[in-house]
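Below is one structure, written out as structure tokens, with a few remarks after it.
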Amino acid sequence: MWKIINHKLIQTTDASRIRYKTRISAALIEQLKQYATEHNTHIGYLLENGYLNLLQNETISYNKKNRPKDRVEFRTTCDEQLLTHLKDLAKQQQLNLNDVIEESVKYIQFDQVKNASWRYRVEL
């Protein structure tokens, strides 16, 4: 993001976001790539929107026997507090974080997802 400091535009990083890695389905990643292209956004923003909507719902119906077999490592960024709440929900539901992340894709609302240019915003 960019900040205006002393009438100058200075590039900074968003301190509220952290990098994390997880293992999710390769097929799901491909699906998210298509969604991101269609809606002019990034996969991380799609997932973040799904996390928010999943946390508002607070219940997950997930069958552990249907876990995907094609999980691969995936790295992205997310709001630190949101990720903490998601981890708490996973622990509460006795699921792995990977399972909760994959489940959150069902909760994405495309009209509320941040645009790809969000990271280049200017804040005062």
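FYI, side chains are in, hydrogens and waters are out, and symmetry mates aren't considered; it's all heavy atoms of this structure.
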Quick check: are there more than 12 heavy atoms from other residues, nucleotides or ligands sitting under 6.0 Å from [atom1] of [X]?
X      : atom1 : answer
Gln94  : CD    : no
Asp111 : CG    : yes
Lys64  : NZ    : yes

Item to check | Pairwise ring-ring contact (aromatic ring centres under 6.0 Å, His included) hits with a residue in residues 89-110, at least two apart | outcome: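 Checked against ring-ring contact (aromatic ring centres under 6.0 Å, His included) - neighbours excluded - the pairs reaching residues 89-110 are Tyr35-Phe110, His39-Phe110.
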Distance-only donor-acceptor hits, side chain of residues 79-93, under 3.5 Å, sequence neighbours excluded:
{"from": "Asp79", "atom 1": "OD2", "to": "Gln81", "atom 2": "N", "distance (Å)": "3.4"}
{"from": "Asp79", "atom 1": "OD2", "to": "Leu82", "atom 2": "N", "distance (Å)": "3.2"}
{"from": "Thr84", "atom 1": "OG1", "to": "Glu80", "atom 2": "O", "distance (Å)": "2.9"}

Looking at every heavy atom in both [X] and [Y], which two are closest together, and how far apart are they?
X      : Y     : value
Arg23  : Glu73 : NH1-N, 3.7 Å
Glu102 : Leu28 : CG-CD2, 3.7 Å
Arg17  : Tyr45 : NH2-CE2, 4.0 Å

What's the spacing between [X] [atom1] and [Y] [atom2] if we round to 0.5 Å?
X      : Y      : atom1 : atom2 : value
Ile101 : Thr22  : CD1   : OG1   : 4.0 Å
Asn49  : Gln109 : CG    : CD    : 6.0 Å
Glu30  : Ser25  : CD    : OG    : 9.5 Å
Leu54  : Lys106 : CG    : NZ    : 10.0 Å
Ile18  : Thr76  : CD1   : OG1   : 11.0 Å
Leu47  : Ile29  : CG    : CD1   : 9.0 Å

Checklist entry - Asn63 side chain to Lys65 main-chain N or O, any donor-acceptor pair under 3.5 Å? => result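 At least one qualifying donor-acceptor pair exists.
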Item to check | Full working for side-chain contact (heavy atoms from CB on, under 4.5 Å) between Leu32 and Ile108 | outcome: CA-CA 10 Å; Leu32 287 168; Ile108 295 172; 4.0 Å; yes
Next on the checklist: Gln112 vs Leu52, test: side-chain contact (heavy atoms from CB on, under 4.5 Å). Steps then yes/no.
Outcome noted: CA-CA 11 Å; Gln112 298 175 355; Leu52 280 169; over 6 Å; no
Next on the checklist: Please tell me whether Asn57 and Asn53 have a donor and an acceptor in their side chains that are separated by less than 3.5 angstrom.
Outcome noted: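 Judged by distance alone, the side chains do not pair up.
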